[in-house]
Amino acid sequence: MKHVKLFGELINESIDGGSYYFSKYQVDVAGTPAKGETKYAVVSDNAIDFEGTTMYLKSSMNSQLASLEIEILSIYDTEDEAAAAYATAVKSKVGAQPHHISFAYGTIEVKGSNLPFNQIQGTRAKLSR
């Protein structure tokens, strides 16, 4: 029986396409930017790479289908603060949920009822046999 090895490698991309839109009702983190303001966010997600295929971890066996789940861990005024928090998150491997083991940081701003997130750097966990 082969064992699956988690974090055998990390892939330097977390979010496919590098961007994601949060609804403003979805974000409950201190420091949310005001309209017209750009800040930096650190996020965790459930995407992994398994033998070249992107897959999504589920929170429980009761979940019907696994899909991309992204949550904001923290928001910062400067890119340096966000980069330091991102590095800490990658080392600790602790996301917003137990099944969130990939991380990214990038810009976040308010556009209407959405907060677009544009990834600057990200790390996707890789599973290997």
Side-chain angles (χ1 to χ4, degrees):
M1 176 181 192
K2 288 187 173 184
H3 295 281
V4 173
K5 183 178 179 185
L6 181 57
F7 296 110
E9 293 178 52
L10 295 174
I11 295 176
N12 289 328
E13 178 183 301
S14 179
I15 302 167
D16 288 332
S19 64
Y20 183 81
Y21 280 81
F22 292 97
S23 162
K24 68 180 180 182
Y25 306 107
Q26 198 178 356
V27 178
D28 187 24
V29 178
T32 302
K35 190 168 186 163
E37 184 179 36
T38 299
K39 291 198 175 185
Y40 298 87
V42 177
V43 301
S44 65
D45 66 70
N46 64 330
I48 61 166
D49 180 274
F50 182 69
E51 297 182 348
T53 302
T54 300
M55 302 177 103
Y56 304 105
L57 299 177
K58 297 192 312 183
S59 59
S60 71
M61 293 302 290
N62 296 334
S63 299
Q64 293 280 331
L65 296 171
S67 60
L68 180 63
E69 299 172 14
I70 300 178
E71 288 191 43
I72 297 175
L73 297 174
S74 51
I75 297 175
Y76 299 94
D77 292 327
T78 68
E79 185 175 349
D80 290 341
E81 291 173 306
Y86 162 76
T88 300
V90 170
K91 284 181 188 174
S92 71
K93 299 178 181 82
V94 176
Q97 302 289 331
H99 62 290
H100 287 198
I101 58 174
S102 295
F103 302 91
Y105 84 92
T107 60
I108 190 164
E109 57 189 311
V110 176
K111 293 217 176 173
S113 62
N114 293 316
L115 286 98
F117 172 82
N118 292 300
Q119 179 177 299
I120 294 172
Q121 185 174 354
T123 305
R124 181 179 299 153
K126 183 175 181 180
L127 294 177
S128 59
R129 293 183 206 230

Could you give the distance from [atom1] ([X]) to [atom2] ([Y]), rounded to the nearest 0.5 Å?
X: Leu127; Y: Phe50; atom1: CG; atom2: CZ; result: 6.5 Å
X: Ser44; Y: Ile70; atom1: OG; atom2: CD1; result: 9.0 Å
X: Ile101; Y: Ile48; atom1: CD1; atom2: CD1; result: 6.0 Å
X: Ser102; Y: Leu68; atom1: OG; atom2: CG; result: 9.5 Å
X: Gln97; Y: Glu71; atom1: CD; atom2: CD; result: 4.5 Å
X: Asp45; Y: Tyr56; atom1: CG; atom2: OH; result: 8.5 Å

query: How would you list all residue pairs meeting ring-ring contact (aromatic ring centres under 6.0 Å, His included) that involve residues 108-127, not counting sequence neighbours?
result: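 Listed once each, the pairs would be none.
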Identify, with sequence neighbours excluded, every residue that meets side-chain hydrogen bond (donor to acceptor under 3.5 Å, both in side chains) alongside [X].
X: Ser92; value: none
X: Ser74; value: Tyr76
X: Gln26; value: none
X: Thr54; value: Arg124

For this session: Tell me, please, which residues at least two apart from Tyr20 pass ring pair (Phe, Tyr, Trp, His ring centres under 6.0 Å).
Result: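 For Tyr20, the residues satisfying ring pair (Phe, Tyr, Trp, His ring centres under 6.0 Å) (neighbours in sequence not counted) are Phe22.
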Show which side-chain atoms of residues 31-40 pair as donor or acceptor with protein atoms under 3.5 Å away, not counting sequence neighbours.
residue, atom, partner, partner atom, Å
Thr32, OG1, Val29, O, 2.8
Glu37, OE1, Ala34, N, 2.8
Lys39, NZ, Gly31, O, 3.2
Lys39, NZ, Asp77, OD1, 3.1

Would a single hydrophobic cluster contain both Val94 and Val90, if residues Ile, Leu, Val, Met, Phe, Trp and Tyr are joined by side-chain heavy-atom contacts under 4.5 Å?
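In one cluster: no.
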Non-neighbouring partners of Pro116 that pass side-chain contact (heavy atoms from CB on, under 4.5 Å), sequence neighbours left out |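 If we apply the side-chain contact (heavy atoms from CB on, under 4.5 Å) test to Pro116, skipping adjacent residues, the hits are Tyr21, Glu109, Lys111.
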Using the test side-chain contact (heavy atoms from CB on, under 4.5 Å), find all partners of Ser113 that sit at least two apart in sequence or belong to another chain.
->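 Partners of Ser113 by the side-chain contact (heavy atoms from CB on, under 4.5 Å) criterion, ordered by chain and then number, come out as Lys24.
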For Ala30 and Ile75 the tightest heavy-atom approach is O-CB, 3.9 Å
(Q) Any non-hydrogen side-chain atom of Ile108 less than 4.5 Å from a side-chain atom of Ile72? (A) yes
Open item on the list: Using only atom types and a distance under 3.5 Å, with no angle test, would you say the side chain of Asn46 pairs donor to acceptor with the backbone of His99?
Closed with: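 Between the backbone of His99 and the side chain of Asn46 there is no qualifying donor-acceptor contact (under 3.5 Å).
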